[in-house]
Each structure stands twice: as structure tokens, then as C-alpha cells.
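Scroll down for the structure; my scribbles are underneath it.
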Amino acid sequence: MIKVSNLSKSFHGNLILDDISVDIEKGDVVALIGSSGAGKSTFLRSLNCLEKANKGLLDLEGLKVDFSKITSNERLELRKQTAMVFQQFNLFQHRTALDNVKEGLKVVKKMKDKDATEIAKRQLEQVGLAERAHYYPKHLSGGQQQRVGIARALAMEPKLLLLDEPTSALDPELVGEVLQTIKKTAASGQTMLLVSHEMSFVYEVANKVLFLDKGKIVEEGTPDEVFNHPKSQRAKEFLQNYFRNKSGNL
Ligand SMILES: Nc1ncnc2c1ncn2[C@@H]1O[C@H](COP(=O)(O)OP(=O)(O)OP(=O)(O)O)[C@@H](O)[C@H]1O
Ligand SMILES: [Mg+2]
């Protein structure tokens, strides 16, 4: 069980996340949706300590953290037990795919090179990139780079995998292979919190949807509840706009 309680975050006195509480069960795929600027990335980044939340508690399967007085040891522990996949992949350009996947294992988990190599190879195989292990990012397509990003995250065996719009920097024809990889990861039972603008994908892969508006969760439920029977005016408007622009259905 993962429990976020009363998390708030301000930037320069502006309240960006306002008292957010979320429960995530083991194996859940939770999707966070909402307009640009709603605070989705800030929420993910706060959970991973890339931003410092002003207040809030996290219980990550027993690892309990109070963000208002987090210690450096707790931050390190949290980094070991979570992993993030970024929109812009954020791979080290001067390292091969294999070395990118090994990085966290060696630096954060302090693993021996041999053990890290073994795990990294297995993860690259999982995302279908075994033959690309010795390629540098610039010689990989965007979709392949993002799959390396996913392999890197999974290599950490995170209790919670955070994905922030993992397909939105990709050319349309490369989106499918990354969505497929995420779907496979979800099917393996990996607990994840995913920010996505791909509503049909969210509908398919998530078992719980949170709608964030101006730093507050104003709607939450199953994909069917949130997409087909939204209760709040803001969620209704957001979804109507989305489907009008997409000129389609789920
Ligand atoms: N480092 C920062 N310093 C100041 N303000 C920030 C910082 N990071 C984010 N913000 C502000 O916090 C708000 C929420 O930003 P955030 O990036 O979390 O939104 P988002 O929901 O992820 O949007 P998008 O869908 O465009 O990615 C925005 O108003 C943004 O300008
Ligand atoms: Mg964002």
C-alpha cells in the first residue's frame, strides 16, 4: 500500500499543489490527468524528491516520510524505491544504453559492475532492445530511447514507477511501441503513477484515474467513472474539450 497524505507545494508563494491525498494499492496503475499547469509534473517530482514538498506524508509500503522534515537518508531511500520516466527521456548522451540502465544500480544501489550489467541486460531485453545495448542515445530512435528510459527505471525494481508524459515528445509513429512497453510493464504487476494526455491509453491501462485541477484532485474513480460519468464541472469541460479537439471517442 502506498499512501500520500495532505501533500502541498508552493513555488515562490504560489500554492501549486493543495493538500493532495492519494491511496495506491500494490499493482495499481493510477493515471493522473488534467490541464497544462495543473501541477501533474510537480506532484510526481515531489514524490521522487526532485522537488521539495512543503508538507505532506508518504507511506511507501512501510517507508514513512514526512516531506516537511525529510532527512538526506530518507531522500536516498526514497530514490532507491521509486523511479521516474521523463518526457524528454533524460538519458546520458555520452553513455551507451547499457551504461544508462546500469547507472542507478551502481550509483544509488552501489551494486558491483557485474551484477549491474546482468540486470541491465535483462531489462533491455524486456523492452526489446537487447541488440542495442552498446548504442549511444543519438543512434537510437526516440521510441528506443524512451524504452531505454523505461528499462533504466525498471532496473531499480521500484515500489512505485512514476511516468511523466512518456510519449508526448515522440513522433506519432513511435508512440505505439512505448505504449506497448508500458502496457507490458503494467501487466507484470508493477505499481505505477502515470501522467498522460493519451486518454484512450489511460482508459485501457489504468485501473484508477485522478483528475487534477489547479493543484487539487477534483475527481477520482475508475476510468469508466471518470471518463463516462464525470461528476465535477471541471472534469466534464476538460474531457469535452479533449474529445472535441481529438474529434473522436475513447
Ligand atoms: N521550478 C518551478 N518554479 C516555479 N514555478 C514552477 C516550477 N515548476 C512548475 N512551476 C509552476 O507550477 C505549476 C504547475 O506546473 P507543472 O509543470 O506541475 O504542471 P503540469 O500539470 O505538469 O503541466 P503540463 O501538462 O503542461 O506538463 C505551473 O504554474 C508552473 O509554472
Ligand atoms: Mg507536466
Side-chain angles (χ1 to χ4, degrees), residues 2 4-22 24 29-56 58 67-68 70 75 78-79 82-91 142 145-146 149-150 152-153 158 160-172 174-175 178-179 182 192-203 205-206 208-221 223 226-227 230 232-246 250:
I2 299 169
V4 183
S5 312
N6 309 104
L7 188 147
S8 294
K9 166 76 185 161
S10 305
F11 283 116
H12 317 298
N14 294 325
L15 191 59
I16 301 298
L17 297 173
D18 185 5
D19 207 36
I20 294 194
S21 297
V22 177
I24 302 175
V29 177
V30 179
L32 183 62
I33 62 170
S35 309
S36 182
K40 304 180 297 297
S41 297
T42 304
F43 183 55
L44 261 51
R45 293 169 62 81
S46 299
L47 294 181
N48 203 20
C49 289
L50 291 172
E51 301 288 354
K52 190 185 178 315
N54 302 94
K55 74 174 189 73
L58 172 65
F67 287 111
S68 67
I70 187 165
R75 192 173 300 120
L78 202 53
R79 293 243 167 98
T82 56
M84 186 134 165
V85 173
F86 301 89
Q87 183 175 2
Q88 299 294 347
F89 327 138
N90 294 15
L91 300 178
Q145 289 187 53
Q146 189 57 299
I150 294 170
R152 174 178 61 179
L160 179 63
L161 176 66
L162 304 162
L163 303 112
D164 193 359
E165 299 194 38
T167 60
S168 51
L170 296 174
D171 291 337
L174 301 178
V175 168
V178 173
L179 293 183
I182 297 170
M192 56 174 95
L193 177 56
L194 161 80
V195 172
S196 179
H197 288 295
E198 307 258 351
M199 295 305 151
S200 50
F201 178 67
V202 165
Y203 192 78
V205 78
K208 185 170 178 178
V209 179
L210 309 172
F211 174 71
L212 188 69
D213 185 50
K214 298 192 187 105
K216 276 184 183 294
I217 292 173
V218 295
E219 185 102 23
E220 73 178 277
V226 173
F227 289 120
S232 67
Q233 194 52 35
R234 277 300 295 132
K236 281 181 196 165
E237 284 165 12
F238 172 82
L239 291 165
Q240 267 167 13
N241 271 333
Y242 176 81
F243 290 113
R244 190 176 304 129
N245 293 335
K246 277 259 168 187
L250 283 165

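The figures here come from the full heavy-atom set of this structure, side chains too, leaving out hydrogens, waters and symmetry mates. All ligand and atom numbering here is 1-based and tracks the order in the structure.
- Heavy-atom proximity to atom 25 (O) of ligand 1, evaluated over H12, K40, K214, is greatest for K40.
- Between F227 and F243, the ring-plane angle classifies as perpendicular under the 30° and 60° cut-offs.
- Checking atom 14 (C) of ligand 1 against the protein gives a heavy-atom contact under 4.0 Å.
- Of the protein's heavy atoms, none falls inside 4.0 Å of atom 31 (O) of ligand 1.
- Inter-residue side-chain proximity for Q145 and L91 is flagged as met; some heavy-atom pair is nearer than 4.5 Å.
- With a 4.0 Å cut-off on non-hydrogen atoms, T42 touches ligand 1 through its backbone as well as its side chain.
- Between P166 and V85, the shortest heavy-atom contact is CB-CG1, 4.1 Å.
- Scanning both residues, K52 and F67, for their nearest heavy atoms gives NZ-O, 2.9 Å.
- Distances from the Mg ion (ligand 2) show that S41 has an N/O/S atom below 2.8 Å.
- Interface atoms of ligand 1 facing A38, defined by a heavy-atom separation under 4.0 Å, are 19 (O), 21 (O).
- Atoms of ligand 1 found under 4.0 Å from any heavy atom of S35, numbered from 1 in the order shown, are 21 (O).
- Looking from atom 26 (O) of ligand 1 to the surrounding protein, the closest heavy atom is S36 OG, 2.6 Å.
- Closest heavy-atom approach to atom 27 (O) of ligand 1 within the set E165, H197, E51: this belongs to E165.
- Contact between A206 and P223 at its shortest, heavy atoms only, is O-CG, 3.3 Å.
- Residues V226 and L210 form no side-chain contact, since every pair of their non-hydrogen atoms from C-beta on lies 4.5 Å or further apart.
- Not close to ligand 1: G215, with no non-hydrogen atom less than 4.0 angstrom away.
- Between D19 and K55, at least one side-chain N (NZ, or NE/NH1/NH2) sits under 4.0 Å from a carboxylate O, which counts as a salt bridge.
- Not a single heavy atom of G34 sits less than 4.0 Å from an atom of ligand 1.
- Geometrically, K9 engages F11 in a cation-pi contact defined by less than 6.0 Å to the ring centre and at most 45° from the axis.
- At the top of the distance list for atom 17 (O) of ligand 1, counting protein heavy atoms only, stands S41 CB, 3.8 Å.
- The line from CG of L44 to CD of E51 is 11.5 Å long, rounded to the nearest 0.5 Å.
- Counting protein heavy atoms only, atom 1 (N) of ligand 1 is closest to F11 CE2, 3.5 Å.
- Under 4.0 Å from ligand 1, not a single heavy atom of R45 appears.
- At the top of the distance list for atom 23 (O) of ligand 1, counting protein heavy atoms only, stands G37 N, 2.8 Å.
- Which parts of ligand 1 touch I16 is read off a 4.0 Å heavy-atom cut-off, strictly below it: atoms 12 (O), 13 (C), 14 (C).
- Scanning all heavy atoms of the two residues, the minimum distance from K40 to S35 falls at NZ-O, 2.9 Å.
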